[in-house]
Amino acid sequence: QVQLVESGGGLVQAGGSLRLSCTASGRTFSNYGWFRQAPGKEREFVAAIAGSAGNKDYADSVKGRFTISRDNAKNTVYLQMDSLKPEDTAVYSCAASSRTAALRSSAMYYYWGQGTQVTVSS
């Protein structure tokens, strides 16, 4: 059974940092994405990492502030979030896929974590 378990969310002041982790079990993945959903809003793409080269993609809203990385030996993907803003407040979920393309679309992901709350106070 495949499971994705996230950790690292919490409450932080604007300008602060958090690092989210997501560990997969039951299967090895090379392609991961992070998505977030704020109250009353649709889920949106945040970042993705794909393929053996670890190609990275970011939403414009987080580019330059967030960094996605992957530890293949630990089957874990990370999201380092710096210079956090109140508008980054959301439930963040990781997802894993066997596909290497179109990873901005949530439809490309088969497996999802339970989500972790990130709250940024002003």
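Computed from a predicted model, the values in this text were never measured in an experiment. In what follows, residues are counted from 1 in the order of the sequence shown. Because only heavy atoms are used, hydrogens play no part in the values below, and waters and symmetry mates are left out as well, while side chains stay in.
- Annotation: side-chain contact (heavy atoms from CB on, under 4.5 Å) contacts of T119 (sequence neighbours excluded): L11, T89, Q117.
- Applying the ring-ring contact (aromatic ring centres under 6.0 Å, His included) test to F29 and every residue at least two apart in sequence or in another chain returns Y111.
- The disulfide (SG to SG under 2.5 Å) contacts involving residues 92-121 comprise C22-C94, where partners must be two or more places apart or lie in separate chains.
- Here Y58 pairs with nothing under the ring-ring contact (aromatic ring centres under 6.0 Å, His included) rule; sequence neighbours left out.
- Applying the salt bridge (Lys or Arg N to Asp or Glu O under 4.0 Å) rule to pairs touching residues 67-79 yields nothing, sequence neighbours excluded.
- When all heavy atoms of V46 and V62 are compared, the pair lying nearest together is O-CG2, 3.5 Å.
- Sorted by first and then second residue, the salt bridge (Lys or Arg N to Asp or Glu O under 4.0 Å) pairs with a member in residues 90-113 read D57-R104; sequence neighbours excluded.
- Listed here is the closest heavy atom pair of L4 and Q114: O-OE1, 3.5 Å.
- The CZ atom of R27 sits 14.5 Å away from the CD atom of Q3 when rounded to the nearest 0.5 Å.
- A distance of 6.0 Å separates OG in S30 from CG in N72, rounded to the nearest 0.5 Å.
- The list of salt bridge (Lys or Arg N to Asp or Glu O under 4.0 Å) pairs with a residue in residues 4-23, not counting sequence neighbours, is empty.
- Applying the salt bridge (Lys or Arg N to Asp or Glu O under 4.0 Å) test to residues at least two apart or on different chains, the pairs with a partner in residues 33-46 are R36-E44, R36-D88.
- Although no hydrogens or angles enter the test, the distance criterion places no donor-acceptor pair under 3.5 Å between the side chain of N31 and the main chain of A96.
- With rounding to the nearest 0.5 Å, the separation of OG in S61 from CD in E87 is 9.0 Å.
- Not counting sequence neighbours, the partners of K63 by the side chain to side chain donor-acceptor pair (under 3.5 Å) test are D60.
- Atoms CD and OG, from Q80 and S17 in turn, are 5.5 Å apart once rounded to the nearest 0.5 Å.
- In terms of the side-chain contact (heavy atoms from CB on, under 4.5 Å) criterion, residue partners of N55 (sequence neighbours excluded) are, by chain and number, A53.
- The main-chain N or O of S83 is found under 3.5 Å from a side-chain atom of R65 such that the two form a donor-acceptor pair.
- Here CD1 of I68 is found 12.0 Å from OH of Y78. Values are rounded to the nearest 0.5 Å.
- With hydrogens and angles ignored, the 3.5 Å screen pairs no side-chain donor or acceptor of Y110 with any backbone N or O of A95.
- Closest non-hydrogen pair, S97 versus Y109, comes out as CB-CD2, 3.7 Å.
- In this structure, the side chain to side chain donor-acceptor pair (under 3.5 Å) partners of T23, at least two apart in sequence or on a different chain, are T76.
- Here CZ of F66 is found 6.0 Å from CG of L79. Values are rounded to the nearest 0.5 Å.
- Annotation: ring-ring contact (aromatic ring centres under 6.0 Å, His included) contacts of F45 (sequence neighbours excluded): F35.
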